[in-house]
Participant: 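Quick one: this structure, given as C-alpha cells, is what I'll be asking you about.
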Amino acid sequence: MIIQEFELLLYTKTAVPCDFIKIAQMGKKSMIVNSHDMTWDTEYTLWVEDLKQSYRTAQANAILKTNFEKLKWYWNTGGELVTRKAEERWGAGVVEQVSLDLQAEFPNSKGLSADNLWAMKRWYSFYANKIRDEKLVRSVQELYNAGIQTEKVDIAPFPDIFGLVPWGHHLDIIRLTDTLPEAIFYIKQTIQEGWKRPVLQRYLKARLYDKQGGAISNFKEQLPAKQAELVQEITKENYDFGFVELPVDYTELNLELALEKHISRFLMELGNGFAFIGRQKEIIVDGVSRRIDMLFYHVRLHCYIVVELKAVRFEPEFAGKLNFYVNAVNDILRGEGDNPTIGLLICSDMKQTEVRYSFKGLSTPIGVATYDNVQIANIERELPSVEQLQQKIKQLEMQLNERKTNDWQKQE
C-alpha cells in the first residue's frame with residue numbers, strides 16, 4: 001500500500017502537497033482528491049523530476065539485483081549437483097525429483113524445471129574445472145577481477161560479472177564455445193555492447209572470437225604498444241560479406257556499391273566504433289583528384305581508417321597504394337586530437353609471406369584481411385520466365401500483324 005501511494009505521488013500531474021494529502025479509497029484504487037497549503041515553483045518541479053528519475057533507477061537496479069541473485073542461485077545449485085554427486089548418491093532420477101519438490105514448494109516460480117536444473121549443472125561444470133586449471137590463471141583473474149583460491153572451496157565462487165548477463169545468453173555461450181578465454185570474451189562483449197540474444201547467437205556462429213585481431217599487420221612496428229594492441233583488436237582475419245549478393249563476375253565497384261547499400265550490416269561486421277564517412281572519398285594531392293574506396297572514423301581509437309577493397313587476390317602493389325592514401329589522410333584530414341590514420345586492405349585472398357614482404361619499408365600502420373561468403377546472384381532469377389517469354393512473343397506477333405495491316409492499307 002505504501003509503495004502504491006508513493007508511486008502515485010511521483011507520477012501524478014497535479015501539485016503534490018507539502019503537509020497534507022487526503023487519500024480517498026475507491027474500491028482497491030487510491031487517488032488524490034484534494035491538496036492544499038502548496039507553494040508550486042520551478043525548484044519544486046525539478047526536485048520531483050529528480051525523485052522520479054531516482055525511482056526509475058531504483059526499479060532498474062532492483063531488476064538487476066533480482067537477476068543477479070537468481071543466477072547466483074542457479075550457479076550454486078549447479079555446484080551442489082556436481083559436488084554432491086547427486087546422481088551417484090540418490091539415483092539417475094534425482095534431478096527430476098528435485099525439480100518436482102521445488103515446484104511443489106514454489107508453484108508460481110519459473111526456472112525450476114528438470115531441464116533448467118540440468119542446464120545449471122552444465123553451466124557450472126563448464127567453468128568449474130577450467131577455473132582450477134593453473135594454465136588459465138590470467139583468464140581466471142579476468143573472470144573474478146582478482147586472484148582466488150578455488151582449490152580451497154567445494155563450490156567455485158560465483159563470478160559477479162555473470163550477474164550482468166541474462167540466463168539465455170549464458171546457455172548459448174557454454175553451448176557454442178570451448179575455452180574459458182573464449183567464453184569470457186563473449187560475456188564481456190555482451191555487457192559492453194548490450195548484445196541482445198539473437199546478436200550474440202550470430203556472433204557465436206560466426207566465430208567472432210577467432211576472427212578478432214586476426215588481420216596481418218605492422219601495427220606493433222608502427223604504433224605505440226598500447227595503441228597497437230587496441231588497433232589489432234578491432235581487426236579481423238576474415239570478414240563475412242554474406243549480407244551482399246553480386247553477379248558471378250562482380251567487380252570491385254560492384255562490391256563497394258553493395259557494401260554501401262548495406263552499410264548498417266557492414267558496420268556491424270566491422271565492429272563497434274566504426275563511423276562511415278563516405279565511399280570514393282575525394283582527396284586532392286598536388287592538384288590531382290584521388291579517391292579512397294571507403295573512409296571511416298573510429299570513435300574509440302580517435303583515428304581515421306582508410307579501407308581499400310579488392311575483389312581479387314592480394315598483390316604487393318596494393319600495399320603501396322594504401323600507404324599513399326594513409327599518408328594523404330594524415331596530412332589533409334587528420335586533426336590535432338586524432339591518432340595516426342590506419343589502413344585496412346580487404347581482399348578476396350592473400351599469401352601471408354607476400355603481405356609481410358610488402359610491409360617492409362612502409363612507415364604507416366596497415367592491416368590486410370580477407371573476405372568471403374559473398375552471395376552469388378541466381379542467374380535463373382535474372383532471366384525471364386516461360387510466361388514472360390510467351391507474353392513477349394504475343395506482343396511481337398501483334399506488332400508484326402499491325403505493321404502488315406498498315407502496309408496493305410498504304411498499298412491500296
Participant: Is it true that S363 and Q222 share a donor-acceptor pair across their side chains at a distance under 3.5 Å?
Facilitator: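 Result is no, nothing qualifies.
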Participant: Between Q97, Q103, E96, which is the residue that forms a side chain to side chain donor-acceptor pair (under 3.5 Å) with S99?
Facilitator: Q103
Participant: Let me see the working for T370 and D349 under side-chain hydrogen bond (donor to acceptor under 3.5 Å, both in side chains), right down to the final yes or no.
Facilitator: CA-CA 6 Å; T370 58; D349 195 9; over 6 Å; no
Participant: Below 6.0 angstrom between ring centroids: does that apply to Y127 and F162?
Facilitator: yes
Participant: So E354 and R313, salt bridge (Lys or Arg N to Asp or Glu O under 4.0 Å) or not? Walk me through it.
Facilitator: CA-CA 11 Å; E354 287 185 339; R313 194 171 77 89; 3.4 Å; yes
Participant: Between N254 and T251, does any side-chain donor sit less than 3.5 Å from a side-chain acceptor?
Facilitator: yes
Participant: Indicate yes or no: at least one non-hydrogen side-chain atom of F274 is less than 4.5 angstrom from one of V299.
Facilitator: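 No, every pair of side-chain atoms sits at 4.5 Å or beyond.
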Participant: Suppose we call two aromatic rings close when their centres sit under 6.0 Å apart. Are Y74 and W123 close by that rule?
Facilitator: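 Ring centroids of Y74 and W123 are no less than 6.0 Å from each other.
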Participant: Would K310 and E315 pass as an ion pair if we require N to O under 4.0 Å?
Facilitator: no
Participant: Looking at I284 and S289, what are the two nearest heavy atoms and their distance?
Facilitator: CD1-CA, 3.8 Å
Participant: Centroid separation under 6.0 Å, is that true for the rings of F276 and Y297?
Facilitator: no
Participant: Do W167 and N67 have a side chain donor and acceptor closer than 3.5 Å?
Facilitator: no
Participant: Which heavy atom of Y186 sits nearest a heavy atom of R207, and at what distance?
Facilitator: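 Minimum heavy-atom separation between Y186 and R207: OH-C, 3.7 Å.
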Participant: In this structure, which one of L322, V326, L344, V368 forms a side-chain contact (heavy atoms from CB on, under 4.5 Å) with E308?
Facilitator: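 For E308, the side-chain contact (heavy atoms from CB on, under 4.5 Å) check succeeds only for L322.
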